[in-house]
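The basis for the numbers below is simple: all heavy atoms, side chains too, and nothing from hydrogens, waters or symmetry mates. A note on names: the letters A, B, ... follow the listed sequences, proteins ahead of strands, and every chain is numbered from 1.
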2 protein chains.
Amino acid sequence: MHDHAKGNRKGRAGRKANDVKADLIAVVVAVINRDPCVLTIGLEAVLPSGPFELAHRSLQSGVRVWVEQRTGQPLGYIEQLYTFADRDRIGADERAISISYLALTREEDATSSTRRCWGTWYDYFPWEDHRSGTPAMVGDVLRPRLFDWAHNAADSATRLERRRRAGVAFGFDDRAWNEELALQRYELLYEAGLVEEATRDHGSTALVSVPGRPMIADHRRILATGIARLRSKIKYRPVVFELMPPVFTLLQLQRTVEALAGRLINKPNFRRLVEQQELVEETGETSVETGGRPAKLYRFRHAVLDESIAAGTKLPLARG
Amino acid sequence: MHDHAKGNRKGRAGRKANDVKADLIAVVVAVINRDPCVLTIGLEAVLPSGPFELAHRSLQSGVRVWVEQRTGQPLGYIEQLYTFADRDRIGADERAISISYLALTREEDATSSTRRCWGTWYDYFPWEDHRSGTPAMVGDVLRPRLFDWAHNAADSATRLERRRRAGVAFGFDDRAWNEELALQRYELLYEAGLVEEATRDHGSTALVSVPGRPMIADHRRILATGIARLRSKIKYRPVVFELMPPVFTLLQLQRTVEALAGRLINKPNFRRLVEQQELVEETGETSVETGGRPAKLYRFRHAVLDESIAAGTKLPLARG
DNA sequence: ACCCCTTATAATCACATGGAATATAATCGG
DNA sequence: CCGATTATATTCCATGTGATTATAAGGGGT
């Protein structure tokens, strides 16, 4: 019965011509000192990755193996991001597929390791951090460069469309900033030739790139995919707690969410939402390390993992 | 520079041992006569699929090629669902990866074809259609069978947990029905050994299966993934219009959404939401084929595809 | 001891959202 | 001309959520 399943109808036995190499690649996230950090290896900006092998029980376990082996970082929560055929190898006789994953951990969980390197993801995407208001570079650099790009379009139709896309993505023209559009923003900058990867891939238009550290190959795009997914997911699933220590104050929890979202949250509303959803329970202890009045310590109610599959764990992200 | 990218460190050149076969598999959806239908080939319940080949420009174009070649159905909207390593081939020296896609079309777009076969997806998931109230089988069959399964757990902890998971997924114990949990429901039934695929895969517990047509291999699980994704997506992206004819009445639009969601929507609220989001515009014409007062005809405002990336196109799904 | 600064916790207001019910309009068939 | 049927418009009300203000509890300096 299984023999028909997904079989290649024209001669499947022994046919290897179309077989591909499958790479696993991970966006490993932790929040360190109020900064959202991503795990890279070596000195260059390289995400941990490795080939999917026969020995791996599953794709997920393959990701765990590679990341732990190369960085000493054990992974907790893992979720698949996206699968794509590598652009830069198209045309060759060998073909590769990359299967990307998002992983959430805490820095302290790591064993001693050599090549591990945590860096805030706002080094790669400086325009994404709006916790202290809209970064100056958005108005000073991105806006004029993107409007130039729109203006230089061939016909007026694409001029208008580029202008609108830029406005939606970056909140120009009195539009609201939407933190979930991290991927669209990066892809727009790539399309406009304003990031190093674009000029590197095509070689053609050698414009001066916009601020923001590039990564190897298409890793920055994969990272943007992970950021966008995480920013979307924290609004309806209690995944933040994967990034928290076992015990924490509500403000620490809020700062973590703010680090990921890149924007500030209204404090009373945040508390109300967390409490009324019964996401946490008091430990009974308090923490004096906060500076002012001692803060109650909380722990995550793991029971909600069963319940909230249905519920929808929303988080109130401020508008202005 | 590209040479380092995602390279297998231990000898990548010419190493083919870990190469895999990559299959593309599609969940092609259309709504026909108020029924949500999925495209299958042949007489058996088989989703269209084919191997990813060197000739394909991208994964997406590979999906288009295979579906069109095997069913004559041109695809409009396409979106990646999930990638997984086939369970049933693990252990063999050959390994396969399946990359699944969700596609939305209209039946009329098809050219004449032989093996094409549209069937309502509620044939495969009869417990998912709540448009005429909760199906009798949920209370009469699923509930007792699932509670039996929970009761037969080894320890009391898993007994409780199984019971709660069943309650959340199917809305037992005064919980609300959540149409988006289609995948969880199928996986729960699989785990409980209540669908044919479970007994087929393991051979062990030969329980009498629950109503609902099985599919080949894990195709029913892929279909459930597609249904869940679509039911979730129609709430915040205007993808319904991919399934509509160029011109339609608001009630036709509502019936389409209801078919997908498997539940009824409050009519005035639906109209209000669609109109205030400016998703559609009047054509000026009316349709008399509706029986009563002539209905205004509308067409989709394609401009919102640029705008609503940010907006969030919600749809009001009734609670009771 | 007192004041002030800081942070935590609580209570309240105002508005938008969205579910539900009701009222009115237009066509068809007897 | 009447009633059945469907479309369209209006209103009501509970809830959710953003925002503001008030109160509590600690530390540190004078």
Considering every strand and a 4.0 Å limit on heavy-atom distances, what is the contact class for Leu250(A): base, sugar-phosphate, or nothing?
nothing

Give Lys267(A) one of three labels, base, sugar-phosphate or nothing, depending on what nucleic acid heavy atoms sit under 4.0 Å from its own.
base

Closest to side chain of [X], choosing from [options]:
{"X": "Leu273(A)", "options": "dG18(C), dA11(C), dT17(D)", "value": "dT17(D)"}
{"X": "Pro294(A)", "options": "dT20(D), dA26(C), dG26(D)", "value": "dG26(D)"}
{"X": "Asn269(A)", "options": "dG18(D), dG19(C), dT22(C)", "value": "dG18(D)"}

With salt bridge (Lys or Arg N to Asp or Glu O under 4.0 Å) as the test, pick out the partner of Lys296(B) among Glu275(B), Glu281(B), Glu285(B), Glu282(B).
Glu282(B)

Length of the [atom1]-[atom2] vector between [X] and [N], whole Å:
{"X": "Glu275(A)", "N": "dG16(D)", "atom1": "CD", "atom2": "C1'", "answer": "16 Å"}
{"X": "Arg293(A)", "N": "dG26(D)", "atom1": "CZ", "atom2": "C1'", "answer": "9 Å"}
{"X": "Asn266(B)", "N": "dT11(D)", "atom1": "CG", "atom2": "P", "answer": "17 Å"}
{"X": "Gln277(A)", "N": "dG16(D)", "atom1": "CD", "atom2": "P", "answer": "11 Å"}
{"X": "Glu282(B)", "N": "dT8(D)", "atom1": "CD", "atom2": "C1'", "answer": "11 Å"}
{"X": "Lys296(A)", "N": "dA25(D)", "atom1": "NZ", "atom2": "C1'", "answer": "12 Å"}
{"X": "Leu253(B)", "N": "dA7(D)", "atom1": "CG", "atom2": "C1'", "answer": "15 Å"}
{"X": "Gln276(A)", "N": "dA10(C)", "atom1": "CD", "atom2": "C1'", "answer": "15 Å"}

In terms of relative ring orientation, are Tyr186(A) and Phe125(A) parallel, tilted or perpendicular, with 30° and 60° separating the classes?
perpendicular

Is the NZ or CZ atom of Arg231(A) both under 6.0 Å from the centre of the six-membered ring of Trp177(A) and within 45° of that ring's axis?
no

Are Arg143(B) and Phe170(B) in a cation-pi contact, defined as NZ or CZ under 6.0 Å from the six-membered ring centre and within 45° of the axis?
no

First of Thr286(B) and Arg272(A) reached from the 5' end of DNA chain D, by closest nucleotide
Thr286(B)

Give a yes/no on whether any side-chain N or O of Arg271(A) is located under 4.0 angstrom from OP1 or OP2 of dT9(C).
yes

Yes or no on side chain to side chain contact (heavy atoms under 4.5 Å, CB included) for Val257(A) and Phe270(A), after CA distance, side-chain angles and deciding distance?
CA-CA 10 Å; Val257(A) 174; Phe270(A) 180 80; 4.1 Å; yes

